[in-house]
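Just below is one structure, and these are the notes that go with it.
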Amino acid sequence: MSKYHFNEIEAKWQKHWAKNQTFKAENKSDKPKYYVLDMFPYPSGAGLHVGHPLGYIASDIYTRYKRHQGFNVLHPQGYDSFGLPAEQYAIQTGQHPAKTTEENISRYREQLDKLGFSFDWSREVRTSNPEYYRWTQWIFLQLFDSWYDKDQNKARAIEELRVVFSSEGNIHVNAICDEGIAHFTASEWLDFSETKKQEILLKYRLTYLAETEVNWCPQLGTVLANDEIVNGVSERGGYPVVRKKMKQWSMRITAYAQRLLDGLDKIDWPQPLKDSQTNWIGRSKGASVTFKVKNVPSSAVEKSYSIDVFTTRPDTIFGVSFMTLAPEHDLVSKITTAEQKEAVENYIEATAKRSERERMADVKTITGVFTGAYAEHPFTGDSIPVWIGDYVLAGYGTGAVMSVPCGDQRDYDFAKHFNLPIPNIFKDADISEGAYSDKENTIITNSDFLNDLNYQQATEKIITALEEKGVGEGKINYRLRDAVFSRQRYWGEPFPIYYKNGMPHAIPTECLPLRLPEVEKYLPTEEGEPPLGRATKWYWNEKNSEVVSPPSEGQGEDIYPLELNTMPGWAGSSWYFFRYMEDENRDEVFASKEALNYWKNVDLYIGGSEHATGHLLYSRFWVKFMHDRGLVPVEEPFKKLINQGMILGESAFVYRMNSKITISKIVSADDQSKSENWTKTISDSRIKDIELTNDKILLSNIFVDFNEYKRIKKEKGFSNIIMKDWEKERIKAYSKFIPENVKEFFNLDKYSISFNADGIHADVLFVNSHNELDIEAFKNWREEYKDAIFILEDGSIFDSNSSPSGRPGGDFKVSREVEKMSKSKYNVVNPDDICNQYGADTLRMYEMFLGPLEQAKPWNTAGITGVHGFLKKLWKLYHSPFEGGKGDVSPSQEPNDFYVSNEAASKDSLKTLHKTIKKTQEDIEHFSFNTSVSSFMIAVNELSAQKCNAREVLEPLAILISPYAPHIAEELWQKLGHSESISTAPFPKFEQQYLVESSKEYPISFNGKMRFTLELPLDLSKEEIESAVMAHEKTAQYLEGRTPKKVIIVPGKIVNIVG
RNA sequence: GCUCGAGUGGCGGAAUUGGUAGACGCGCUGGAUUCAAAAUCCAGUGUUUUAGGACGUGCGGGUUCGAUUCCCGCCUCGAGUACCA
């Protein structure tokens, strides 16, 4: 019988599919469309490990399934190829990032191709290609040319705003824009200079340039978005991040906060992902309140100031006993009194020095200082002291709070710390220990006209009162901040912007792409400008519309400097899913209307949950914007989304007895009783310890087997004094490896010795499935391990330097631990190796078999044999002459070993088949791929036992398996006599009739515990079942003479006898 | 701290509306085959036991004829978030 030669089969079909463009999607088709997308990869230098393709395999299975169901499926792939690692590498090596990116991409492509994915590569995108980023720049300019009209609740063209300004000024314009724009009339607008007009328009644009507080990462030399910072350090590299004011491009994503929130209800995404977007947007409902600052003579206040606050608890306004401003608040310098000036300035200086990380790590310390100023309570007129404190964040709300210590724990703690009054405005609430923040059971008291109202009523009433008095209004606030869009880096999209009189101007869209210039180094300039500042040719000639060299003295009036920043990583990934839709007219449009209208949105998107508040939020924002401006027909990019769980690695640890060996003097029981001596002995031994621990070379190259390590640790503990004879023997045995200068300490009569060992990562490549280390491979891994000595499982020593003939009997075992799969942990398993050894079909199936798609799970190469064995059995099923003769069809007429019969299948085989059709279909639709692999195994086991080689079973079976193991399925399909690819063969139709049973093996339970089973016909009535069960001899046995109180019968399910 | 998710054999995991807990695979044990190994095939494999059972889905309660599944209270682990007024 011919063997299952997976390497040949897989290479053959991969070549065939590529040559015939089997998976090319059509933009015009009678079939219904379906769009399956993977989050495109960043092509890193490390290549793929087995964890990366998990999502791609899942999406490919779904894609192939949909093709079998008769859909025209778009399943493209590309590369998110701008990014920091390539640039960091460029800085280190001087290699152009484009070159390394290109190399990495071809490596990725090679690896992806080996896995048999059904991608339509003809539509590939690379975000770093000028033909692609041309359109990223173009969309940026659309944002630049737009403003957000609150009345229409959508983005509109900036030209329309100009028209409004020229006819009625900005008084009636209700836009989402910068704060504090002065009002002007139409005639004033017309009189403004062009520069002034641009300055005003910039405050309205959806992407705008503004001096903002940004997260500056000095080590990376760039600013970072909030989602690029993890625990106060940069996501990439883990470098510290500090707050800094810089002029930056920002995206007015806040304009879309409510719509981004509302849209979540309309999309089928995992709840945790929706939750994290909801939290990130952070909508809170409350009120804004204005407090007047009282005039204080000593503060030299010339005009009157007021403090705006946002509060979610306006109902507690009568509980305000002080106000707190963020130290960065603009008013601080203006209202601080002369007496407090020094203290306030010192405080501001001190807080500015504290890094974001410090502030976060230390939230318990309460700091603050009084400004000397007082505000006036809008209802009682009382004087309220104004403090500053760093628990108030400049970036949220207005950067100021009305402090209600009885209702807010932070205000409470602040009040306690500075001895400020804590008036209680809650009926029957105890605030002696902490603030009372319960909203549900609140009854307000000591609050004038709010007395005896609950939270809801009081909130309503106070908002009305605030609005009547003109000192506040109901307001909704969002945590979401505008997104910083500038990066001080080289390897990103250049902004199509030049500066004229300090104002940004757009490069005409027909001149795009604005190509990334060459630079001689990828570092910032000496003046601290971004790397593009090094480009020799980076000016814009407005007249000729071209990039030129800087103007020389006295020349070039039409020549203006270009923007030096580049766009962030999320620019290119915020719209790439539209680009795949277009196949022919990519030079004319980002995607044609026809393509956009045909494909609409992504039906299924698969990727990691780490993009929850970055990519997935930004793309939703861009799509909503593009929809507003009529560029795309949809409002949400991804209809259904699935997060694949991470595949974790199983790290291997070898135990190295290193410099941690310590030695101490033997202490007798007598010594211990004399406490003076005891102390002295200890201190003596400490001196020795220090001498030794400083000697880093001591035993640094001795490795101990994991079991031996555990044994020693268990029996005595490495760090305890070794007393047992066998341990002494061992130490004597090891003593020959001990350097001369410390040999003195190994005198066991004088000293006792204690060992220690550390687990260090060993490459999992050197470890087999029984956790045994390949000692030779390990020694050759690193120069420093060349002369290593190994203490084996049986306690014997293997030292190849003294016994070169090879190692003795014992094994050397490592310990295992599940960790994230990463190069630095040496636990990376390469899919290429698996493909070579077992084949892509095995790898695909095994990755699915590991567990539920969305769950994190450890990779264990040992288990792969089960799936591989299954494919061998599957192959065998089609190649076994069960009936003792040859099958009547053997299309290839080659080595005639393919056995398929046209005779009718047995009833059992049809039952097996239809059971499997049903299960597979349900599983795929529920993305439960692990369970369908199990059902294939069951099916093949059953069919083999049934000796089935009926075509009417084996043909549909090949289709069922083809989404999972496409290569073997194609091969079998061809052998079955088909000349067309299996990929569009119709999915087998499930027919209930083959599953109809006439009897059921009933579980018979007594008081809920199953005791025995009884086969009964399914058409029996409850009464008949009962009498059949009661008549059974075992029933009497289990009843032990009792009379059943009740007999529960669920026909077709269970019988339960109670009593 | 808050939000979300998860706890089932030695391991990965299954049990679709409350109805035979542990499917399927790995590993392990025994056997066949082999000079031997690999590969393959067969049988067994939750714990415990006086061999009839008893106990078993993180822990403690509850609802039910019946709970891995539903409810209440805890514990542990993981992810996200971080003074959000």
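Note on naming: letters A, B, ... go to the chains in the order of the sequence lines (proteins, then strands), and numbering restarts at 1 for each one.
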Taking the same atom, [atom1], in [N] and in [M], what whole-Å distance lies between them?
{"N": "B/G27", "M": "B/A38", "atom1": "P", "result": "12 Å"}
{"N": "B/G61", "M": "B/A14", "atom1": "C1'", "result": "28 Å"}
{"N": "B/A37", "M": "B/G22", "atom1": "P", "result": "35 Å"}
{"N": "B/C75", "M": "B/G60", "atom1": "C1'", "result": "10 Å"}
{"N": "B/U16", "M": "B/A32", "atom1": "P", "result": "41 Å"}
{"N": "B/G46", "M": "B/U68", "atom1": "C1'", "result": "15 Å"}
{"N": "B/A23", "M": "B/U45", "atom1": "C1'", "result": "15 Å"}
{"N": "B/U64", "M": "B/U69", "atom1": "C1'", "result": "13 Å"}

From OH (A/Tyr878) to CG (A/Leu957), nearest 0.5 Å: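 The CG atom of A/Leu957 is 4.0 Å from OH of A/Tyr878, to the nearest 0.5 Å.
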
Rounded distance [0.5 Å steps], CZ in A/Arg844 versus CD1 in A/Ile968: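 Rounded to the nearest 0.5 Å, the CZ-CD1 separation comes out at 12.5 Å.
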
Phosphate OP1/OP2 of B/C84: any A/Arg410 side-chain N/O under 4.0 Å: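 Answer is yes, contact under 4.0 Å.
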
Measure [atom1]/[X] against [atom2]/[N] and give the value in whole Å, please.
{"X": "A/Gln409", "N": "B/A82", "atom1": "CD", "atom2": "C1'", "value": "17 Å"}
{"X": "A/His611", "N": "B/A79", "atom1": "NE2", "atom2": "P", "value": "17 Å"}
{"X": "A/His615", "N": "B/G80", "atom1": "NE2", "atom2": "C1'", "value": "18 Å"}
{"X": "A/Asp411", "N": "B/C84", "atom1": "CG", "atom2": "C1'", "value": "13 Å"}
{"X": "A/Tyr4", "N": "B/U40", "atom1": "OH", "atom2": "C1'", "value": "17 Å"}
{"X": "A/Arg283", "N": "B/A85", "atom1": "CZ", "atom2": "C1'", "value": "16 Å"}
{"X": "A/Asn1007", "N": "B/C55", "atom1": "CG", "atom2": "C1'", "value": "17 Å"}
{"X": "A/Lys274", "N": "B/A79", "atom1": "NZ", "atom2": "P", "value": "24 Å"}

Residue whose nearest RNA chain B nucleotide is more 5′ - A/Thr311 or A/Lys1046: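 Comparing both residues, the 5'-ward one is A/Lys1046.
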
Residue closer to the 5' end of RNA chain B, A/Ser276 versus A/Met402 (nearest nucleotide):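 Looking at RNA chain B, the more 5' nearest nucleotide goes with A/Ser276.
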
Using both distances under 3.5 Å as the test, list the Watson-Crick or G-U wobble partner of [N], or none.
{"N": "B/C65", "value": "B/G19"}
{"N": "B/U34", "value": "none"}
{"N": "B/C74", "value": "B/G58"}
{"N": "B/U45", "value": "B/G27"}
{"N": "B/U81", "value": "B/G1"}

Hey, does [X] reach any base, or is it just sugar-phosphate, or nothing, if we go heavy atoms under 4.0 Å?
{"X": "A/Val401", "answer": "base"}
{"X": "A/Lys1045", "answer": "nothing"}
{"X": "A/Arg1011", "answer": "sugar-phosphate"}

Chi class for B/G9: syn within 90° of 0, otherwise anti: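 What B/G9 shows is a syn base, its glycosidic angle lying within 90° of 0.
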
Under 4.0 Å protein heavy-atom contact, by nucleotide of nucleotides 4-27 of chain B - B base, S sugar-phosphate only: S-------BSS-B--BB--BBSS-

With sequence neighbours excluded, what pairs up with [X] under the salt bridge (Lys or Arg N to Asp or Glu O under 4.0 Å) test?
{"X": "A/Lys872", "value": "none"}
{"X": "A/Glu922", "value": "A/Lys918"}
{"X": "A/Glu942", "value": "A/Lys915"}
{"X": "A/Asp841", "value": "none"}

Listing, residues 848-859 of chain A side-chain donor-acceptor contacts under 3.5 Å, not counting sequence neighbours, or none:
residue  : atom : partner  : partner atom : Å
A/Lys857 : NZ   : A/Pro852 : O            : 2.7
A/Lys857 : NZ   : A/Leu853 : O            : 3.3
A/Lys857 : NZ   : A/Gln855 : O            : 2.9
A/Trp859 : NE1  : A/Thr861 : OG1          : 2.7

Over-ring placement of A/Arg620 relative to A/Trp269, 6.0 Å and 45° cut-offs: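 So A/Arg620 does make the cation-pi contact.
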
Close aromatic pair by centroid cut-off 6.0 Å: A/Phe318 and A/His377: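 Centroid distance A/Phe318-A/His377: below 6.0 Å, so yes.
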
